[in-house]
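Lettering of chains follows the sequences in order, A, B, ..., and the numbering in each one begins at 1.
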2 protein chains.
Amino acid sequence: MSPGRARIPEATVSRLPLYLRVLLDLAGEQVRTVSSERLAELAGVNAAKVRKDLSYLGSYGTRGVGYDVDFLIDHVGRELGVTSDWPLVIVGLGNLGRALANYGGLSSRGFRMAALLDVDPSVVGEKIADLAVRHLDELERVAAAERLAVGIIATPPAAAQDVADRLVAAGVTAILNFAPVVLSVPDHVTLRKVDLAVELQILTFYQHHQARLRAVAGDGEESA
Amino acid sequence: MSPGRARIPEATVSRLPLYLRVLLDLAGEQVRTVSSERLAELAGVNAAKVRKDLSYLGSYGTRGVGYDVDFLIDHVGRELGVTSDWPLVIVGLGNLGRALANYGGLSSRGFRMAALLDVDPSVVGEKIADLAVRHLDELERVAAAERLAVGIIATPPAAAQDVADRLVAAGVTAILNFAPVVLSVPDHVTLRKVDLAVELQILTFYQHHQARLRAVAGDGEESA
DNA sequence: GCATGTGAATAGATTCACAGCG
DNA sequence: CGCTGTGAATCTATTCACATGC
């Protein structure tokens with residue numbers, strides 16, 4: 001019963017939040033136990049993958065029966081730190097930043113909006129989702145008041161690296177970058193990025209190529 | 001070798017848009033040629049990976065010299081269909097949908113906002129980014145008028161599957177889903193998803209388990 | 001000489017298939 | 001029995017290392 005002492009593969013980590021959501025849905029429907037097969041179906045993955053993923057957290061299933069939903073929620077949630085308090089800071093409150101600030105369902109996952117920062121004088125002072133936007137220069141003050149868990153960058157691309165540097169200097173060690181630019185951060189900082197244009201271009205690549213394949217032969221292709 | 005003969009690995013496809021952006025930046029700085037090493041540095045990946053990725057498109061480099069920037073832009077862009085016209089439809093114009101509708105830089109990548117759809121009477125008729133929001137029921141009419149390339153779902157989770165079904169029925173074969181729910185689509189439809197809460201939870205997982213050496217799950221990490 | 005292009009080696013993720021246990 | 005848990009097999013991606021050719 002040493003919860004997840006073996007290193008959990010990256011691919012598995014990226015699926016845990018998905019499993020957690022599906023499990024919470026099941027719990028909401030009063031479902032008590034679930035098989036890897038059913039869980040896989042709901043999560044859109046393969047059943048063996050579910051079992052292997054969950055086995056990295058420990059052996060929490062019952063052979064011949066399945067997994068106890070509440071028990072799994074507890075363990076997956078613990079692994080993801082859902083019970084902790086994760087203060088977020090959003091930098092850049094254009095359309096995207098606003099959308100993120102208004103994103104529901106974060107508090108139920110342990111997140112809390114700690115501050116909204118921008119440099120535009122016409123935005124600073126504005127109230128968004130019950131929080132007043134403060135000037136980016138107040139970042140250090142905010143960081144001193146509480147340990148910021150994640151910095152979200154939703155600025156124009158030209159400002160993103162500078163903002164990242166300031167977040168890192170302020171002690172932030174996890175950054176989610178929405179600006180379409182490659183950021184450099186020190187090794188101890190975890191960085192992920194979300195890029196709308198990239199996602200769209202990946203989609204159109206496949207459109208383009210499926211069209212090509214169809215023109216050559218009527219061969220069907222699989223999509224994930 | 002003729003481009004696009006062999007199947008291009010998925011991982012490579014997902015990096016091509018990134019390379020393209022870096023190349024466009026270089027072209028903007030009047031850089032004529034670039035080595036795999038430099039390109040890798042700017043894209044935040046390994047040089048051998050860049051060479052292997054590009055080799056799937058054909059052999060467009062010059063040994064001892066590097067890659068011609070404009071020539072590469074042309075070929076990578078062609079592969080991604082940047083020169084084509086890709087009509088997009090956004091369904092759901094809450095905060096996120098609005099942010100997406102106002103997202104700049106899409107037209108330069110071959111995208112065009114074809115329609116904005118919602119079911120909320122207080123939103124229908126509103127003008128966003130120079131386009132009037134129409135009712136979702138007009139989807140079929142829009143699809144009949146022009147071949148929609150990508151459907152973007154930015155609705156509440158409960159509505160997402162229904163919207164996906166309607167998009168598919170209307171002939172859309174590529175969907176980008178921002179709703180935090182697993183969608184089912186037929187095999188011939190390409191589906192990608194972007195989920196803010198999942199991204200944040202992946203980040204906090206690594207925060208929680210910070211005894212690891214570096215943990216970067218997307219791409220684009222580099223030491224400063 | 002020098003950077004590409006690519007087989008070979010390695011690492012990582014997925015899937016299979018079945019032993020093991022409730 | 002049924003379903004988990006997991007070694008082994010497979011598939012995919014990354015990285016190495018060097019022959020190749022400008």
Just the rounded figure in Å: distance from [atom2] of [N] to [atom1] of [X].
X: B:Asp53; N: C:dT6; atom1: CG; atom2: P; answer: 13 Å
X: B:Glu41; N: C:dA3; atom1: CD; atom2: P; answer: 14 Å
X: A:Glu37; N: D:dG2; atom1: CD; atom2: C1'; answer: 11 Å
X: A:Lys49; N: C:dA17; atom1: NZ; atom2: C1'; answer: 18 Å
X: A:Ile8; N: C:dG12; atom1: CD1; atom2: P; answer: 16 Å
X: B:Asn46; N: C:dT10; atom1: CG; atom2: C1'; answer: 13 Å
X: B:Leu54; N: D:dT14; atom1: CG; atom2: P; answer: 14 Å

- Message: What I want to check is whether the side chains of B:Thr173 and A:Gln207 have a donor and an acceptor closer together than 3.5 Å.
- Response: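 The answer is yes; a qualifying pair exists.
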
Look at [X] and [N] and indicate whether a side-chain polar atom (N or O) is within less than 4.0 Å of OP1 or OP2.
X: B:Arg7; N: D:dT12; answer: no
X: B:Ser35; N: C:dA3; answer: no
X: A:Tyr67; N: D:dG2; answer: no

- Query: With a non-hydrogen cut-off below 4.0 angstrom, is B:Arg38 in contact with a base, only sugar-phosphate, or nothing?
  - Reply: nothing

- Should B:Arg192 and A:Ile202 count as side-chain neighbours, where that means a heavy-atom distance under 4.5 Å? yes

- Item | Nucleotide nearest B:Lys52 when distance is taken to its side chain, options D:dT4, C:dG5, C:dG7 |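 Shortest atom-to-atom distance from the side chain points to C:dG7.
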
- Message: Below 30° counts as parallel, above 60° as perpendicular, anything between as tilted: where do the rings of A:Phe205 and A:His209 land?
- Response: parallel

Less than 4.0 angstrom from a charged side-chain N to a carboxylate O is my criterion; do [X] and [Y] meet it?
X: A:Asp68; Y: A:Arg32; value: no
X: A:Arg78; Y: A:Asp74; value: yes
X: B:Arg51; Y: B:Glu37; value: no

- Note on the structure: Comparing nearest nucleotides in DNA chain C, the 5'-proximal residue of the pair A:Val45, B:Ala48 is B:Ala48

Could you list, one pair per line, each protein nitrogen or oxygen that sits under 3.5 Å from a nitrogen or oxygen of nucleotides 18-22 of chain D, together with the distance?
| from | atom 1 | to | atom 2 | distance (Å) |
| --- | --- | --- | --- | --- |
| D:dT20 | O2 | B:Arg63 | NH1 | 2.4 |

- Task: Check each of B:Leu88, B:Ile90, B:Leu93 against B:Leu100 using the side-chain contact (heavy atoms from CB on, under 4.5 Å) test, and report the only one that passes.
- Result: B:Ile90

